[in-house]
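So the structure is just underneath, and the comments pick up after that.
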There are 2 protein chains.
Amino acid sequence: MASEPKTIGAVERTLAIVQALERLGGAGASEVARELSLSKSTVYTHLNTLHANGYLVKSDGSYSLSCRFLRLGSTVQQSFDLYGRGKPVVDELATETGERTNLVVEEAGRGTCLHAADATGSTDIYMSPGERWPMHATATGKAILAHLPVERVDDIVDEHGLPSLTEHTITTREALDDELETIRQTGVSFDEQEAVEGLRCLSSPVLVDGNPLGSVSVSGPARQFTDSDRERELVDALREAVNVVQLKFVFS
Amino acid sequence: MASEPKTIGAVERTLAIVQALERLGGAGASEVARELSLSKSTVYTHLNTLHANGYLVKSDGSYSLSCRFLRLGSTVQQSFDLYGRGKPVVDELATETGERTNLVVEEAGRGTCLHAADATGSTDIYMSPGERWPMHATATGKAILAHLPVERVDDIVDEHGLPSLTEHTITTREALDDELETIRQTGVSFDEQEAVEGLRCLSSPVLVDGNPLGSVSVSGPARQFTDSDRERELVDALREAVNVVQLKFVFS
DNA sequence: CTCTCCGTTCACCAGGGTCGAAAGAGATAA
DNA sequence: TTATCTCTTTCGACCCTGGTGAACGGAGAG
């Protein structure tokens, strides 16, 4: 904190511009300059650099992120062993249960979506690939936290705190530890509208040699999940799915 | 060509480093420096900048691309109307035919994969999202080219030429034009090992108001496609799939 | 027509990016 | 244990280069 290591201003400007383009879904130099309070010509040079290297596409003087980013993202995704093994299972879990499912890993202390599936195969999903959520407020995050070494949990809580996202979010370390203990015993974690109002989610960690490589989840509108028979069904399906994924690691 | 517009060296260095990390699948500062013939300390500062902004994850002094890229890629993917409408159909086409399927768009004169599906839902795919191929050598590319204005085709051929990828690749403009005319008449394009030895592929363009928004393809080992009954089956399935996608654009 | 806003270009100057050397930090071997 | 190697990380200084504002040409709008 005291003295940040040296960084390159020009690069950070470019990154800010990329993020602005992501947010705006494509824009011209002037618009980005206004958005970021930078000079028009500066932004123009940056856009030009990105474009010349194939990272942007230009149409009618408006720039937007090119599929080069899709390529990079896809490479990152496929670099996870968990993705190759988990994706088919998570897809099938979605069709089997008729609910939305996710494959999540921990990155930099946050739960990051590796893959999302939907019963209809549609792309209208709650959490899309690369999206990040605080771990203490999601079923997927808690499932992973429950099997992480205590020091890691300490670090993560220290870094990100326990911010409240809804009135149901766990906000004290004691309550969190209790919950994690329960999760370790039952093998399943729940998110009772703790991250998003009206969204319920259940999850189970993918454990290989005791390490949580990630977690799988099933989620849907809170009211559809209240039936306890239905819940048992979902938990069973989830448990079996995770079991299948874990077996794929045993038979490397 | 004569005078390239101004670009920013520092940013291009960072982009080169990102590409190196993509290629190497993660590396330390020294390795990247060696790879790119840059000074260790320069690379270190760049890595540090990317890391401080969340674009890299560090483990054991080795840096690799973070899921931030997955997020960006996912955003790009979802920015295509064709993705939202085409993905479920392409997925179903894969399970229906038992073959691998792709959803492709044109970007910067190259065929770019927007989505890839596999009968087994596995991730072992010929062409993965963001991957780019010359248009003249692929069924998907030719399907799009056939419905692009002639000037666009001229531009693309001027820019990229007609490089030979296998001994079956079309390498003359005359042969290409003939092929495109045939495709316009039949509505289906074929790739007879023109891009990859041993790989056969058939494709059909997604036309909305006469514009080729992209194309859908079915592909597999050349020898499995030789049966003409099987081919007719695949062509029918492909045609129907494309038809479904196009209808989704009509009923916006 | 004028006015405005855009993308794009240019030349100047100072801030900053690059580089080499050297200091920590581990690992391995003797 | 010490020596040696390699890697990451730090530091200072030089010179380059990235930022800037003004200006040009064009496209729309009124």
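Chain letters run A, B, ... following the sequence lines, proteins first and then strands; every chain starts at 1. Keep in mind that what you see is a predicted model, and the values were worked out from it rather than measured.
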Check the distance between D/dT8's C1' and B/Leu56's CG and give it to me in whole angstrom. 15 Å

Can you find a donor-acceptor N/O pair under 3.5 angstrom joining the side chain of B/Lys6 to the base of C/dT8? no

Would you kindly give the NZ-to-P distance between A/Lys40 and D/dG18, to the nearest whole Å? 21 Å

Between C/dC19 and B/Thr42, is there an OP1 or OP2 to side-chain N/O distance shorter than 4.0 Å? yes

With B/Lys142, the salt bridge (charged side-chain N to carboxylate O under 4.0 Å, His left out) member among B/Glu179, B/Glu181, B/Glu106: B/Glu179

Can you check whether B/Tyr63 has a side-chain N or O nearer than 4.0 Å to OP1 or OP2 of D/dC7? no

Distance-only, no hydrogens or angles: does the B/Ser74 side chain make a donor-acceptor pair with backbone N or O of B/Leu70 under 3.5 Å? no

Nearest heavy atom decides the nucleotide; on that basis, is A/Arg34 or A/Ala10 closer to the 5' end of DNA chain C? A/Arg34

Nearest-Å distance, CG (B/Leu38) to P (C/dG17)? 15 Å

Return the value, rounded to whole Å, for the distance between atom CD of A/Glu31 and atom P of C/dT8. 14 Å

Would you indicate, yes or no, if D/dT9 has its OP1 or OP2 atom less than 4.0 angstrom from a side-chain nitrogen or oxygen of B/Lys58? yes

May I have the distance from A/Leu47 (atom CG) to D/dG19 (atom P), rounded to whole angstrom? 12 Å

For B/Asp158, is the CG atom crowded, meaning more than 12 foreign heavy atoms sit under 6.0 Å from it? yes

Closer than 4.0 Å, any side-chain N/O of B/His46 to the OP1 or OP2 of C/dG17? no

Decide yes or no, distance alone: a donor-acceptor N/O pair under 3.5 angstrom between the base of D/dG19 and the side-chain of A/Ser39. no

Check the distance between C/dG7's P and A/Asp60's CG and give it to me in whole angstrom. 11 Å

Below the 4.0 Å mark, does D/dT9 have OP1 or OP2 next to a side-chain nitrogen or oxygen of B/Tyr44? yes

Parallel under 30°, tilted from 30 to 60°, perpendicular over 60°: which one fits the rings of A/Phe69 and B/Phe69? parallel

So, does B/Ser164 use its side chain to make a donor-acceptor pair with the main chain of B/Thr169 at under 3.5 Å? no

Check the distance between C/dG7's P and A/Ile17's CD1 and give it to me in whole angstrom. 13 Å

I need the CD1-P distance between A/Ile8 and C/dG15, as an integer number of Å. 18 Å

For the side chain of B/Ser30, counting heavy atoms from C-beta on, which of D/dT8, C/dT8, C/dG17 is nearest? D/dT8

Of A/Ser62 and A/Val11, whose nearest nucleotide on DNA chain C comes first from the 5' end? A/Ser62

Reckon A/Arg13 has a side-chain N or O less than 4.0 Å from the OP1 or OP2 of D/dG18? no

